[in-house]
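Take a look at the structure below.
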Amino acid sequence: MDEPTDSFRQRVFQIIAAIPAGSITTYGEVALLAGSPRAARQVGGILSRLPEGTALPWHRVLNRHGGISLPGEGFRRQKAALEAEGIEINDQGTVSLERYRWQW
DNA sequence: CTCTTGACGAAAC
DNA sequence: TGTTTCGCCAAGA
């Protein structure tokens, strides 16, 4: 009966979809809320395979230091998406967790 | 079943 | 202090 009708991946989708514009969270936090406190790495793996036109606000997920984990072009795209929501982000791709961290 | 893969994170160096 | 190594675990092959 308690079949995993919703996989870890699906729970991650729902959690990220609930992050309001102008706020951010971390991979570890998403993993925790999804029920696997040490599966932060899996969250990143899931986001890496999102289709291009996805409606999921994947750009609101940052690493433990409030920084962008993507290299090159991905870095630029995520930084621009965050700035478009009014989030201040420096050239290193880091935001203030204290200011923007989201909790339910 | 085993083995591999990582948009992570914390601990060692 | 910055850099490297190691542990973690969902998913797919």
Side-chain angles (χ1 to χ4, degrees):
Chain A
M1 217 285 238
D2 21 299
E3 196 41 43
T5 52
D6 60 327
S7 61
F8 178 78
R9 193 182 73 174
Q10 289 175 314
R11 291 199 295 280
V12 167
F13 283 144
Q14 278 206 293
I15 292 164
I16 295 178
I19 305 172
S23 293
I24 62 90
T25 190
T26 64
Y27 295 100
E29 182 70 13
V30 173
L32 176 66
L33 296 174
S36 291
R38 272 143 314 228
R41 202 168 188 178
Q42 277 56 250
V43 175
I46 289 166
L47 296 187
S48 73
R49 301 168 25 161
L50 287 174
E52 273 190 47
T54 183
L56 202 70
W58 57 271
H59 55 277
R60 298 180 190 144
V61 185
L62 302 171
N63 65 30
R64 193 60 187 129
H65 307 292
I68 293 176
S69 293
L70 287 172
E73 192 153 357
F75 177 98
R76 264 171 264 135
R77 290 232 304 334
Q78 183 164 18
K79 183 169 180 290
L82 291 172
E83 290 177 327
E85 298 186 347
I87 294 176
E88 285 183 34
I89 178 167
N90 64 25
D91 293 330
Q92 295 175 19
T94 304
V95 311
S96 168
L97 282 174
E98 295 296 307
R99 283 180 58 186
Y100 301 109
R101 200 200 237 291
W102 165 74
Q103 322 250 146
W104 301 84

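Lettering of chains follows the sequences in order, A, B, ..., and the numbering in each one begins at 1.
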Original post:
Any donor-acceptor pair under 3.5 Å between the side chain of R49(A) and the base of dG12(C)?
Top reply: no
Counting side-chain heavy atoms from C-beta on, which of [options] comes nearest to [X]?
| X | options | answer |
| --- | --- | --- |
| T26(A) | dA7(B), dG9(B), dC8(C) | dG9(B) |
| W58(A) | dA7(B), dG9(B), dC8(C) | dA7(B) |
| Y27(A) | dG9(B), dG7(C), dC9(C) | dG9(B) |

What is the separation between atom [atom1] on [X] and atom [atom2] on [N], rounded to the nearest whole Å?
| X | N | atom1 | atom2 | result |
| --- | --- | --- | --- | --- |
| E52(A) | dA7(B) | CD | P | 17 Å |
| N63(A) | dG9(B) | CG | C1' | 9 Å |
| L33(A) | dA10(C) | CG | P | 16 Å |
| L32(A) | dA10(C) | CG | P | 14 Å |
| I46(A) | dC9(C) | CD1 | P | 15 Å |
| L47(A) | dT5(B) | CG | P | 20 Å |
| F8(A) | dC8(B) | CZ | P | 13 Å |
| L50(A) | dA11(C) | CG | P | 14 Å |

Subject >> Atom of L82(A), atom of R60(A) and distance for their closest heavy-atom approach >> reply: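 So the minimum-distance heavy-atom pair works out to CD2-CA, 4.3 Å.
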**OP:** For residues L62(A) and L97(A), determine if any side-chain heavy atom of one lies less than 4.5 Å from a side-chain heavy atom of the other.
**Re:** no
Original post:
Any side-chain heavy atom of L33(A) within less than 4.5 Å of one from T25(A)?
Top reply: no
Original post:
Hey, is CZ on R101(A) packed in by over 12 heavy atoms from elsewhere, all under 6.0 Å?
Top reply: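 Buried by this count: over 12 neighbours within 6.0 Å.
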Original post:
More than 12 non-hydrogen atoms from neighbouring residues, nucleotides or ligands closer than 6.0 Å to CD on E83(A), yes or no?
Top reply: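 Counting neighbours around CD of E83(A), more than 12 heavy atoms of other residues, nucleotides or ligands fall under 6.0 Å, so yes.
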Original post:
Just to confirm, is there a sub-4.0 Å distance from OP1 or OP2 of dC8(B) to any side-chain nitrogen or oxygen of R64(A)?
Top reply: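 For dC8(B), neither OP1 nor OP2 has a side-chain N or O of R64(A) closer than 4.0 Å.
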Subject >> Under 4.0 angstrom between S36(A) side-chain N/O and dC9(C) OP1 or OP2 >> reply: no
**OP:** Could you give the distance separating dA7(B) and dA13(C) at their C1' atoms, to the nearest angstrom?
**Re:**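 Comparing C1' positions in dA13(C) and dA7(B) gives a spacing of 22 Å.
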